[in-house]
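Note sheet for the following structure.
All residue numbers refer to positions in the sequence shown, counting from 1.
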Amino acid sequence: MTRATIIAGGGASGVLFAAALLRRSKNARVIIVEPREELGRGVAYSTDCSAHLLNVPAANMSAFPDKPDDFVQWLKANTPESADATSFAPRSIYGDYISAIASREREAAGARWQHARAFAHEARIDDAGVRVLLSDGATVHGDSLVIATGNAAPAAWPGTTSGNPGGARFFGSAWEKGALVPGSANETVLLLGTGLTAVDAVLGLRRNGHRGTMYMVSRRGLFPHEHRLFDTPPEARPDATSIRDLIGVVRGENWRAILDRLRPHANTFWQAQALSDQRQFMRHLMPYWNVHRHRLSPEAAKEVAGLIAGGSLRIVAGRTGEVESTPRGLRVSIKLRGETETLNLEPGRIINCSGPEHDFRKLPNPLIQSLLAAGVMTPHPLGIGVAVDENGALIGATSVPSKRVFAIGPVRYGTLIETTAIPEIRVQARDLADFLAEDAAMESAS
């Protein structure tokens, strides 16, 4: 007797979990709920801009924890010109890789792999199983549900919370249609955020013919560091026992290699901290952690450095005022950090490049809201992500882990501090597949 697992989301998280589960159990079948025709890309790997590169070397991007060279071998067979293990491959090529895995696993699974091209709108859970109502009016039934929705849309930027303040010139996300296609080559562009998405926006705009001045703004004006692949190997750090120790690392020499070596232990450090310490970290230290932990490829860093040196890209630390529409475009003022001066801009377009919204209570996703309303899902005490146990089971209003609803990938943020990248997601996919397969085997034996 087969057991059906409904997977809400057909990006990398959903595909890697589906592949792991079907390989682990011949009695399993999956129903992937994803409106896109092609599975595996999601938002992250749907870009067709050749300048949008992975932020991790190819050697660390295998989809399978037990086959560490799988991606490099795939590159050698399919795109030999970019098969160097130390290279930062275009994200579109990585999307080809995950999509190829989805196609291969679907063919091998046959009827055990189902793709419902719709959005998951509502979930109803009871002793009989899970029913998920879809946006096309259909209903799918399963024994369990895995939330694999990936990163949420960008958080609203202060001053832009009351809808779209700038009409067709304001873009709520860098991935909205037309966001990176300049209205004119020389228009001024304001990017809200100074992280990796803002860098993607800069590179995308430049590839699409933009030659005007660009401004990036954030409260602190912090900018991601770049990867360096050939630093001297670090000394061991047996004294590192907490997340605070990781922050101390970035002040020393060779911090990149040390941070990378400590990364596999970050979630253990994080969960060992008191909630009050986690809250302090999120409030005061997280921006500094992010610019050291989430780094740019050398190619992207070099191009952006050239734009900064040439004066066509300015990074500003400050707070933006309300965005106003004018006959010529938009108007916004920026109160510069630590100064009395105000920078007044009239950009031709503004693009929200802030990080994903982590407060699930604010997400417009109807599936998430239905789970919250039913008490099956509860926000993490920090107000970021949702509460899950060590297996990824949602912890509901009764504080008891669900036996039917699980999360994978960025949805676990809050409980985990490292859960958005492939090296973590591939392990979660394997471990959750093992857990569900063992649970099904025990139930069949009883």
Side-chain angles (χ1 to χ4, degrees), residues 1-43 98-99 101-103 105-150 152 360 363-377 386 388 391-394 396 401-411 428-429 432-433 435-437 439-440 443-444:
M1 176 177 167
T2 61
R3 287 171 60 94
T5 298
I6 302 169
I7 304 171
S13 298
V15 164
L16 296 191
F17 168 71
L21 182 61
L22 293 175
R23 289 183 176 195
R24 176 67 173 78
S25 173
K26 297 300 181 184
N27 293 322
R29 63 185 180 93
V30 298
I31 305 168
I32 302 177
V33 181
E34 167 60 52
R36 294 180 178 88
E37 180 179 3
E38 186 178 15
L39 295 174
R41 292 187 183 276
V43 174
I98 300 293
S99 179
I101 291 172
S103 297
E105 297 298 328
R106 180 182 60 217
E107 183 175 353
R112 295 194 300 135
W113 178 293
Q114 179 182 343
H115 177 194
R117 290 195 60 189
F119 290 100
H121 264 203
E122 183 180 352
R124 299 174 183 174
I125 297 96
D126 54 34
D127 292 340
V130 179
R131 289 179 295 154
V132 176
L133 283 62
L134 308 184
S135 57
D136 62 2
T139 300
V140 291
H141 301 259
D143 299 282
S144 56
L145 169 64
V146 173
I147 311 299
T149 48
F360 274 45
L363 298 184
N365 186 317
L367 174 64
I368 298 298
Q369 295 308 315
S370 78
L371 293 169
L372 288 170
V376 176
M377 173 184 283
V386 299
V388 298
N391 297 310
L394 297 190
S402 175
K403 294 182 179 181
R404 296 195 180 276
V405 189
F406 302 82
I408 186 173
V411 185
Q428 291 179 21
L432 181 55
F435 176 78
L436 291 180
D439 184 59
E443 184 175 302
S444 297

Which value, rounded to the nearest 0.5 Å, describes the distance between [X] atom [atom1] and [Y] atom [atom2]?
X	Y	atom1	atom2	answer
Leu21	Arg29	CG	CZ	11.5 Å
Ile368	Ser370	CD1	OG	8.0 Å
Ile147	Phe406	CD1	CZ	11.0 Å
Leu372	Leu394	CG	CG	9.5 Å
Arg117	Glu37	CZ	CD	5.0 Å
Ile31	His115	CD1	NE2	12.0 Å

Counterpart residues, side chain to side chain contact (heavy atoms under 4.5 Å, CB included), relative to [X] (two or more places apart):
X	result
Pro410	Ser13, Asn151, Thr420, Ile425
Ala120	Ala8, Val33, Val132, Leu367
Arg23	Phe64, Lys67, Arg104, Glu105
Ser135	Ala118, Phe119, His121

What I'd like to find out is whether the side chain of [X] reaches to under 4.5 Å of the side chain of [Y], using heavy atoms alone.
X	Y	answer
Val405	Met377	no
Ser144	Leu436	yes
Lys26	Arg112	yes
Phe360	Asn365	no
Ile125	Leu371	yes
Phe17	Thr5	yes

So, [X] side chain and [Y] main chain: donor-acceptor pair closer than 3.5 Å or not?
X	Y	answer
Asp143	Ala4	yes
Arg404	Leu145	no
Asn391	Ala393	no
Gln369	Pro364	no

Which pairs, with at least one residue in residues 124-135 and sequence neighbours excluded, count as a salt bridge (charged side-chain N to carboxylate O under 4.0 Å, His left out)?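 Qualifying pairs: Glu122-Arg124.
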
Of all residues at least two apart in sequence or in a different chain, which pass the side chain to side chain donor-acceptor pair (under 3.5 Å) check with [X]?
X	result
Thr149	none
Ser402	none
Glu38	Arg41, Ser99

Minimum heavy-atom distance [X]-[Y], with the two atoms named:
X	Y	result
Ala18	Ile7	CB-CD1, 3.6 Å
Ala138	Asp136	N-OD1, 3.0 Å
Ala116	Leu134	CB-CD1, 3.9 Å

Residue list, salt bridge (Lys or Arg N to Asp or Glu O under 4.0 Å) with Arg24, at least two apart or on another chain: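 Only Asp434, Glu438 meet the salt bridge (Lys or Arg N to Asp or Glu O under 4.0 Å) criterion with Arg24.
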
